[in-house]
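Notes to accompany the following structure.
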2 protein chains.
Amino acid sequence: MKSRVTISDVAKAAGVSNSAVSYALNGKAGVSEQTRDKVLSVASRMGWRPNRAAKALSDASTRTVGLVLTYDTAVLSIESYTMELIAGLTAEFEKAGYSLLVRSSSSRRHELAVLREWVAAGAVDAVLLMNVELGDPRIELFREHPRMPVLLLCDESLSGGLPALSDNGRAATHLVVDYCHGLGHRRIARVAGSEQMGHTFIRDNAFREESAAFGMDYLCLHADYSPESGDRCTRRLLSLPQPPSAIVYDSDVMALAALKAAASMGVRVPDDLSIISWDDSFMCRMSSPGVTALNRDVVARGRKAAGMLIDLAEGRTVQPHAEVADDLIVRGSSAPVGDECVGVEVAV
Amino acid sequence: MKSRVTISDVAKAAGVSNSAVSYALNGKAGVSEQTRDKVLSVASRMGWRPNRAAKALSDASTRTVGLVLTYDTAVLSIESYTMELIAGLTAEFEKAGYSLLVRSSSSRRHELAVLREWVAAGAVDAVLLMNVELGDPRIELFREHPRMPVLLLCDESLSGGLPALSDNGRAATHLVVDYCHGLGHRRIARVAGSEQMGHTFIRDNAFREESAAFGMDYLCLHADYSPESGDRCTRRLLSLPQPPSAIVYDSDVMALAALKAAASMGVRVPDDLSIISWDDSFMCRMSSPGVTALNRDVVARGRKAAGMLIDLAEGRTVQPHAEVADDLIVRGSSAPVGDECVGVEVAV
DNA sequence: TTGTAAGCGTTATCAC
DNA sequence: GTGATAACGCTTACAA
């Protein structure tokens, strides 16, 4: 395995010592300009590149950040969240020469094992945790290992004191509820995601508080992000004696299922029912009517997370952040409540 | 940085030498059962885990496979291909304790630089190349560096002799053309992706040959996967003196755009026009009518690729493979050509 | 069966 | 300014 060019090879070729080469290549003081130039030219001529493993062993840094993906293969091909996040992360990492180390886990227990191994093996310089749950055992793991920097993608209130990048659920909730209120809706509902998820918890509370503040009726059903559950919950809500005039869905998939469910029940969208999706996607654009959706810049969030992770990996402290702002993209699925003619007149 | 447990720590605690510990922990001969047991129990009590960097330096293996993502952020949130591939890859890697190292590149040149660095730094044990283009410079790079195992996701005929996992474009093309022919279509068209892409090249040829073999008229337009280009090409095709009765789209996004374009031109789908998408997705299921689509099991392909990459990384040779079969999911967007009443009668 | 020691490629601490 | 040399943690001849 002697094919790669090492520092010793360069040193020999340049007729200097290993340390001189090291200093020269790292731009450190300790060598004359003359030898530095010679070393640099020889090194580049020989095609020297630092060996990753040796560097990692020597200075205990890998320039790598770890991410464990927990797949629900059914959700995988539908949700673009993870891919956009990875795009943002790696785009920002690229500037600093960091890599993303990805593993997948079939269960929370297995994920914990992977994380523990990373900590013990020094395989990564920092770890990103997504899909934080209430009482998430990963939080305790990293509190026990303060030497391994970690960033949680969740609300600051859920991170147990660990650095967090908030998904901004409260601000977004205000945006959505305020929008519904502005359209005249006074009876709204929400089809939420899994109750264990930290972001669901945050949104649950935020929706309850916001709707109360606006004096609106609010009802929440918990589903599982599947189109079937979106369909089921929509039917339940629309069958109530006093059905809501607007429903917010925690995912675009459920919102699209709702669009179909409403149609099959003879409920007109947006005349009788406004539908709003928490996540925007190409599907929301292409459906008829288009679905009003919260536009979360997940790529930007990934970039932000990457910056924070690099800071943490290099020993700098970071403040919990929530500065990536969301906005609402209004499409045909939402409209003023009540008599649609009045609504149209007002809008025009 | 002395917080982690090393082999020396274990050796000291167990009262044996470093090498005894190493042998014991790696299940190698050279220690008595007695000392092996003692070492194992001491090691697990102390929570010893092998240090990644040290192992990598010592045996020049990282148990890591590299993947460079080249993002088109517009496509990113729409296409699930990459995410599904990563899911399959990491799921299979997990069994063997391999990790996926991900970087992103903004340009082909930058990707080449990343790959070169990986080769020189020994950062990964193998590399996966996707989106192979005609005359792809990456092929030459890896032919120059035969020590770095590589797997190309493309047709065997494009890989320049390097190991390849075919995306099976020919077989799938036959499936699609045969299906169209069976429905009575004799004038078909295709809205293809970028002409530089290897898979486009393969499909171009395969479609030409298959349609000729069936004695069908075939016309192909090259687009760029964007909804706008899908719309534009569809309008052009439908404005021909003798428009096709079936159009195959290289992506679901373009197929969905076509659905809208046809509707706005008063062309009925599937009565006047059958639409078939090369990629299946949730959108194809949810649209009205649903879009007939080629169902490529990308996750399975990822698993297969992972297995081959591990073989390559560990020095075993692999055969070019194309065994992941595709199938066609028929939905409402395709139907027998001509008088739709006849078609319905036949179908019922 | 066991322990000693060299080597992997860097970085960093020393003498000189 | 320069060049030996130790250290990082592990594997593996080789010697005992």
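Computed from a predicted structure; not experimentally measured. Residue numbering restarts at 1 for every chain, and letters A, B, ... go by the order of the sequence lines.
Here the nucleotide nearest the side chain of A/Ile7, chosen from C/dT11, D/dT12, D/dC10, is C/dT11. Of the listed nucleotides (D/dG9, C/dG3, C/dG9), C/dG3 has the atom at the smallest distance from the side chain of B/Ser17.
A donor-acceptor pair is defined here as one N or O able to donate and one able to accept, closer than 3.5 Å; such a pair exists between the side chain of B/Arg138 and the backbone of B/Met130. The backbone N or O of B/Asp59 sits nowhere less than 3.5 Å from a side-chain atom of B/Ser61 that would complete a donor-acceptor pair.
Taking atom NZ on B/Lys38 and atom C1' on C/dT2, their separation rounds to 12 Å, with Å as the unit. Here the P atom of nucleotide C/dG9 and the CG atom of A/Leu25 are 15 Å apart, to the nearest Å. Whole-Å rounding puts the B/Arg36 CZ to C/dT1 P distance at 10 Å. To the nearest angstrom, P of C/dG9 lies 11 Å from NZ of A/Lys12. Spacing between atom CZ of B/Arg63 and atom P of D/dC10 amounts to 16 Å, rounded to whole angstrom units. Put simply, CG on A/Asn26 is 8 Å from P on C/dA12, counting in whole angstrom units. Counting to the nearest Å, the C1' atom of C/dC8 and the CG atom of A/Asp9 are 13 Å from each other.
Residues B/Thr90 and A/Arg103 have side chains not in contact (no heavy-atom distance under 4.5 Å, counting atoms from C-beta outward).
A/Ser32 has a side-chain polar atom (N or O) that falls below the 4.0 Å cut-off from OP1 or OP2 of D/dT2. Taking 4.0 angstrom as the limit, A/Asn18 places none of its side-chain polar atoms (N or O) nearer than this to OP1 or OP2 of C/dG9.
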Contact list (N/O, under 3.5 angstrom) for nucleotides 13-15 of chain C vs protein:
residue, atom, partner, partner atom, Å
C/dT13, O4, A/Tyr23, OH, 3.3

### Message
As a quick check of understanding, evaluate side chain to side chain contact (heavy atoms under 4.5 Å, CB included) for A/Glu117 and B/Arg52, giving each step before the final call.
### Response
CA-CA 10 Å; A/Glu117 195 202 310; B/Arg52 279 277 253 274; 3.4 Å; yes
### Task
Under the salt bridge (charged side-chain N to carboxylate O under 4.0 Å, His left out) rule, what do A/Glu140 and A/Arg143 come out as? Steps first, then yes or no, please.
CA-CA 5 Å; A/Glu140 203 191 345; A/Arg143 292 177 73 174; over 6 Å; no
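At a non-hydrogen distance threshold of 4.0 Å, B/Arg49, B/Pro50, B/Asn51, B/Ala54, B/Lys55, B/Ser58 from residues 49-59 of chain B come into contact with DNA chain D.
At a threshold of 4.0 angstrom between heavy atoms, the contacts of B/Thr35 are confined to the sugar-phosphate backbone, with no base atom among them.
The local environment of CD in B/Glu144 is crowded, with over 12 non-hydrogen atoms from other residues, nucleotides or ligands closer than 6.0 Å. Within a 6.0 Å radius of CD in B/Glu314, more than 12 heavy atoms belonging to other residues, nucleotides or ligands are found.
A/Asp297 contributes atom CG, which lies 13.0 Å from atom NZ of A/Lys304 (distance to the nearest 0.5 angstrom).
Ion pairing of B/Glu111 with B/Arg108 is present here, as a side-chain N (NZ or NE/NH1/NH2) and a carboxylate O approach within less than 4.0 Å.
Looking at which nucleotide of DNA chain C each of B/Val31 and A/Ser8 is closest to, the 5′-most match is held by B/Val31.
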